[in-house]
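As the structure lists them, so they are numbered: ligands from 1, and atoms in each ligand from 1. By convention here, the first residue in the shown sequence is residue 1.
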Amino acid sequence: MVDLNDKNDRHQIPQPIRSDGAGGPDYGPRDVMRDLQNPDLLVPPKTDAGLLPNLKFSFSDTHMQLNHGGWSREITVRDLPIATTLAGVNMSLTPGGVRELHWHQQAEWAYMIWGSARITAIDQNGRNFIADVGPGDLWYFPAGLPHSIQGLEGGCEFLLVFDDGHFSDLNTLSISDWFAHTPKEVLSANFGVPQNAFDHIPDKQVYIYQDQVPPSIQSQAVQSPYGAVPLSFSHRLLAQTPLETSGGSVRIVDSSNFPISRTVAAALVEIKPGGMRELHWHPNQDEWQYYLTGQGRMTVFAGNGAARTFDYRAGDVGYVPFAFGHYIQNTGTESLWFLEMFKSDRFEDISLNQWMALTPRELVQRNLHVGSELTDALHKVKSPVVKYPGFTFNPR
Ligand code: MN
Ligand code: MN
């Protein structure tokens with residue numbers, strides 16, 4: 001912690017002054033803690049220029065929805081207006097805490113951060129799905145299908161991603177909400193039981209509630225006459241063998257290996273200290289990012305001389321508009337782990353390095369005024385995360 005009133009701490013206070021002397025001191029008012037977290041906003045790389053919208057929002061700057069049984073917070077277009085394709089919800093459930101039976105107009109993709117949960121769902125053909133999920137596991141509920149989530153022993157925390165930036169988890173269709181807004185004689189007729197069976201139903205949406213940790217999954221099994229859903233609604237992402245590179249690792253998951261996930265594709269990326277997610281872009285969709293551990297920075301190139309750099313750390317969301325060039329550097333001392341997600345059935349990216357390697361070398365050399373030193377070093381095979389031994393960060 002930096003104490004502005006402590007003279008001994010003043011040398012730690014960053015100033016908007018570049019190493020070449022450009023800029024000048026800021027004596028305040030200012031939020032030094034935020035400046036320390038955003039060194040590339042305070043002193044941008046010299047190559048940053050032009051207009052780019054905000055591409056960062058932290059879950060720490062969102063409203064916490066606190067319930068008995070857990071909490072949730074979300075980042076949607078209301079918080080990060082550029083992020084129209086996907087919205088994210090960070091949720092935690094206590095042991096036994098339940099995100100109640102509900103459904104929504106958007107598909108739900110999820111990544112379990114820690115702990116474990118029991119998830120349930122059915123499809124339109126009466127086929128059901130009941131499974132326990134743990135760290136690194138995914139689930140996907142197609143739009144409109146009803147489902148629930150319950151924390152198991154120890155509780156859990158997860159990231160939910162919805163395939164519409166306008167989504168809000170506070171605006172879903174809940175079983176308790178529908179019961180509360182249906183006349184009891186209608187409920188009685190629908191289920192064929194007396195009205196007094198509904199004397200104690202909740203009078204409004206429950207959302208999250210505290211319950212006991214459920215018994216074993218075997219003891220809770222429900223057999224459907226139509227069987228289980230034909231495509232699993234969950235996937236063990238960490239069980240996938242990663243693509244290992246010099247700078248880190250990548251696990252790609254989309255409908256090619258998680259077939260039910262037809263509207264969300266993702267990559268779990270590890271960037272080791274000194275490593276970099278290479279210069280690339282995506283030819284199909286915007287990218288929605290969630291930072292899991294560590295610290296990094298991303299520079300996004302928007303054409304017309306525009307480029308801007310943002311600093312990210314665990315708990316932040318980043319965004320890259322469709323086809324904009326970008327790269328991500330680990331600026332910390334531990335591995336930077338993050339998820340990149342797309343509203344698409346397939347993960348697709350274009351590597352700048354690979355593109356140049358598969359183009360006539362004379363064309364590349366004359367276009368960029370470079371020699372064979374560069375064209376000889378190009379890679380025809382993608383290396384999504386790179387590490388160059390001589391790499392140092394820009395002097396500030
Ligand atoms: Mn849901
Ligand atoms: Mn990307």
Exercise for review: Measuring from the Mn ion (ligand 1), name the closest N, O or S atom belonging to His102.
Suggested key: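 The nearest such atom is NE2.
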Review point. If you check every N/O/S atom of Glu108, which is the one nearest the Mn ion (ligand 1)?
Key: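 Restricting Glu108 to its N, O and S atoms, the minimum distance to the Mn ion (ligand 1) goes to OE1.
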Check your understanding: Tell me the salt bridge (charged side-chain N to carboxylate O under 4.0 Å, His left out) pairs involving residues 245-272, sequence neighbours left out?
Key ->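 For residues 245-272: none.
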**Study point:** Flag side-chain contact, heavy atom, 4.5 Å: His63 against Gln65
**Key:**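 In contact.
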Review point. Taking the side chain as C-beta and beyond, is there a heavy-atom pair between Leu279 and Asn353 under 4.5 Å?
Key: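 They are not in contact (no side-chain heavy atoms under 4.5 Å apart), so the answer is no.
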Practice item. For the residue pair Ser176 and Tyr207, confirm or rule out a side-chain donor-acceptor distance under 3.5 Å. Key: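 No.
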Salt bridge or not for [X] and [Y], using N-O below 4.0 Å?
| X | Y | answer |
| --- | --- | --- |
| Arg297 | Asp311 | no |
| Asp35 | Arg30 | yes |
| Asp20 | Lys46 | yes |

Review point. Where the Mn ion (ligand 1) is the centre, what is the NE2-to-NE2 angle for His104 and His147, rounded to 10°?
Key: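 Once rounded, the angle between the two atoms at the Mn ion (ligand 1) is 90°.
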Point to revise | Listed protein N/O/S atoms, distance to the Mn ion (ligand 2) under 2.8 Å | key: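 Listed by chain and number, the atoms are His280 NE2, His282 NE2, Glu287 OE1, His326 NE2.
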